[in-house]
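Notes for the one structure printed next.
All ligand and atom numbering here is 1-based and tracks the order in the structure. One-based numbering along the sequence shown.
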Amino acid sequence: MNTTERIKLGISIGDVNGIGGEVILRTFEDPRMLEFCTPVIFAGNKVMAFQKKHFDIDINYNGVQEVSQVVEGKINIVNISKNTPKIEFGQETEEAGKYAVLSLKCAVEALKAGEVDVLVTAPVNKSNIQSEEFRFPGHTDYLARELGGEALMFMVTDDLKVGLLTDHIAINEVSRNITPELVREKVEKVHDSLVRDFRVRKPRIALLGINPHSGDNGVIGQEDDQVLKPVIAELFEKGIMVFGPYSADSFFGSGNYRKFDAVLAAYHDQGLIPFKTLSFGRGVNYTAGLEKVRTSPDHGTAYGIAGKGEADFRSFEEAVFTAIQIYRNRREYDEISANPLKRNLARDIGHDKRRRG
Ligand SMILES: NC(=O)c1ccc[n+]([C@@H]2O[C@H](COP(=O)([O-])OP(=O)(O)OC[C@H]3O[C@@H](n4cnc5c(N)ncnc54)[C@H](O)[C@@H]3O)[C@@H](O)[C@H]2O)c1
Ligand SMILES: N[C@H](C(=O)O)[C@H](O)COP(=O)(O)O
C-alpha cells in the first residue's frame, strides 16, 4: 500500500456562525497536511474568504464549481450555492442552518459517488438544521439513512474508545430502547470496527450497566440482569470477548477502562461525560458501522467563543488524521482478508518482527 498517497477528504462546513470555519482553516494552515490529503471543502469562496480574513489566517485555496475540478495537493473549495449566507458569529440563524444542511448534503453525495474518499464534518447546531426536508437529531442518523446501515456512535482516541448503545434519544426512552437485539448489534459493531478500522486482533470490550450499580441483583431495576447479562454470555460463547455489565459510576475513576479496547455505554451522557472529561480537545466522533468513513471533532458549534479566535483546532485535526487512518486500515484489512497468502505472509512477518524486537 502506498502510504504517501493523498486521500481526498470531503469536509462539510457546519454552522458558519460557530467555530467550524476557524478550526478547518487552522488545521490546514500547516502546509504539511497537504502531503497526505487533498481537502475538499463544501462551502463557497466568499464564506471561506470572510473566515480567512476575520481570523487572519495565511492560506491559499483553489475555488471550483464541481468536485471533478478539484486539484490534488491543494485546499479546494467547492462552490455549493450562488447565495452566500450572512455570517453572524455566535448567533443561531435559520440561514446558517440551511447552509449547513446544504453543505452536508453536497459532501455526502460526493462521498457516495466516490468523488471523495472520506468525510469530516464540522459541527452543526441540531436546532437550526431542522426543517420539513431535514429531520435528524444529528449527522449520525442522517448518514445511516443515506449510506444504508446501522450506525454506531463511537468516540475515539488512541487509548480510549467509547461506543453508545443509544445515542440521540431522550433519557426517558433509553430503557425501553435497549433490547437484546440492539445490544447484540452494537457489541458486534464495536467488535468489527476494532478489528477492521483500528486493527485490534482480539478486542476486549466492556459493557456498562444501565442502572445504578448494574441493578444490584435486581434491587435497582431488572434490565441489567434480564437484557445485558444473557447477551454478554451468548456473545462470549460465540467468541466475542465482551465483559460486564460494570457499574458505570466508578469504571473510569478506578482506571478499569484501561483494561479494555473499547467501552460500550448505555446512553449518551453515560459514555460522553467520561470520554470528553478524559480527552476533550483530542477526541474524535467516528460513525462506525457504515460503508464509508465519517469523523468529526468532539465539540459542537461553541457559539460562546465563535469569532473570537479562541477555538482549539486539535480535535478537528485529529478527526482528519483518524478518518485517513481508518480508510487506510480498512483497505489493508480488506486486502489481507481477501488474499490468504498475503495474510500468512503478514503473520510470518509479524512473528519475525516480534522475534527480532
Ligand atoms: N458534531 C457535531 O455536529 C456536534 C457535536 C457536539 C455538539 N453539537 C451541537 O453544537 C451545539 C452546541 O453544543 P454544546 O454547547 O453542548 O457543546 P460545545 O462543544 O459547542 O461547547 C461546550 C463547551 O466547550 C467549549 N468548546 C467547544 N469546542 C471548543 C474548542 N474547539 N475550543 C475551545 N473550547 C471549546 C465551548 O466554548 C463550551 O464552553 C448544539 O446544538 C449541539 O447539538 C454538534
Ligand atoms: N454526540 C455527539 C457529540 O457530542 O460529540 C454530537 O452531538 C454529534 O452527533 P452527530 O455526529 O450525530 O452529529
Side-chain angles (χ1 to χ4, degrees), residues 11-27 55 89-94 96-97 99-101 103-105 107-108 118-130 134-147 149-157 160-171 174 265-290 292-320 322-323:
I11 298 172
S12 56
I13 187 73
D15 190 313
V16 290
N17 294 335
I19 60 171
E22 180 182 358
V23 297
I24 293 170
L25 292 176
R26 286 270 174 241
T27 297
F55 295 109
F89 286 119
Q91 301 300 312
E92 177 179 330
T93 66
E94 201 184 320
Y99 198 73
V101 171
S103 171
L104 177 63
K105 286 185 171 174
V108 169
V118 298
L119 172 64
V120 181
T121 60
V124 295
N125 172 332
K126 290 186 185 41
S127 166
N128 70 356
I129 55 170
Q130 304 300 324
F134 193 93
R135 280 247 175 271
F136 297 94
H139 297 89
T140 310
D141 295 78
Y142 176 66
L143 290 166
R145 191 197 70 180
E146 286 299 306
L147 302 175
E150 298 298 328
L152 165 79
M153 192 178 287
F154 206 12
M155 307 296 293
V156 302
T157 64
L160 174 62
K161 297 184 176 51
V162 177
L164 299 181
L165 281 181
T166 62
D167 43 59
H168 286 145
I169 62 172
I171 196 79
V174 166
Y267 53 92
H268 188 277
D269 285 6
Q270 187 190 61
L272 266 57
I273 290 173
F275 179 84
K276 293 193 182 184
T277 304
L278 290 167
S279 53
F280 198 65
R282 296 183 291 124
V284 173
N285 172 10
Y286 167 46
T287 310
L290 301 177
K292 302 281 183 176
V293 176
R294 174 267 175 162
T295 62
S296 79
D298 61 5
H299 58 76
T301 50
Y303 284 154
I305 57 166
K308 297 184 179 166
E310 293 172 12
D312 184 342
F313 67 92
R314 288 172 308 163
S315 175
F316 190 89
E317 187 184 58
E318 275 303 320
V320 169
T322 304

Kindly assign one of parallel, tilted or perpendicular to the pair Y142 and F134, based on the angle between their ring planes and the thresholds 30° and 60°.
-> tilted
Under the side chain to side chain contact (heavy atoms under 4.5 Å, CB included) rule, what do F136 and V124 come out as? Steps first, then yes or no, please.
-> CA-CA 12 Å; F136 297 94; V124 295; over 6 Å; no
Do [X] and [Y] have side-chain N/O donor and acceptor atoms under 3.5 Å apart?
{"X": "D15", "Y": "Y99", "result": "no"}
{"X": "N125", "Y": "Y303", "result": "yes"}
{"X": "T287", "Y": "R294", "result": "yes"}
{"X": "S279", "Y": "D298", "result": "no"}

By ring pair (Phe, Tyr, Trp, His ring centres under 6.0 Å), which residues pair with H299, not counting sequence neighbours?
-> none
Could you pull out all residues at least two apart from E150 that satisfy salt bridge (Lys or Arg N to Asp or Glu O under 4.0 Å)?
-> none
Ligand-protein N/O pairs under 3.5 Å (ligand 2):
residue: ligand 2; atom: 1 (N); partner: H168; partner atom: NE2; Å: 3.1
residue: ligand 2; atom: 1 (N); partner: H268; partner atom: NE2; Å: 2.9
residue: ligand 2; atom: 4 (O); partner: K276; partner atom: NZ; Å: 2.8
residue: ligand 2; atom: 5 (O); partner: K276; partner atom: NZ; Å: 3.3
residue: ligand 2; atom: 7 (O); partner: K126; partner atom: NZ; Å: 2.7
residue: ligand 2; atom: 7 (O); partner: H168; partner atom: NE2; Å: 3.2
residue: ligand 2; atom: 11 (O); partner: T140; partner atom: OG1; Å: 3.2
residue: ligand 2; atom: 11 (O); partner: N285; partner atom: ND2; Å: 2.9
residue: ligand 2; atom: 11 (O); partner: R294; partner atom: NH1; Å: 2.8
residue: ligand 2; atom: 11 (O); partner: R294; partner atom: NH2; Å: 3.1
residue: ligand 2; atom: 12 (O); partner: H139; partner atom: N; Å: 3.2
residue: ligand 2; atom: 12 (O); partner: T140; partner atom: N; Å: 2.9
residue: ligand 2; atom: 12 (O); partner: T140; partner atom: OG1; Å: 2.6
residue: ligand 2; atom: 13 (O); partner: H139; partner atom: N; Å: 2.8
residue: ligand 2; atom: 13 (O); partner: H139; partner atom: ND1; Å: 2.7

Under 4.0 Å from ligand 1, counting heavy atoms only: the protein residues, by chain and number = I19, P123, V124, N125, K126, H139, F280, S296, H299, G300, T301, A302, I305, A311, D312
Would you say the ring centroid of F89 lies under 6.0 angstrom from that of F55?
-> yes
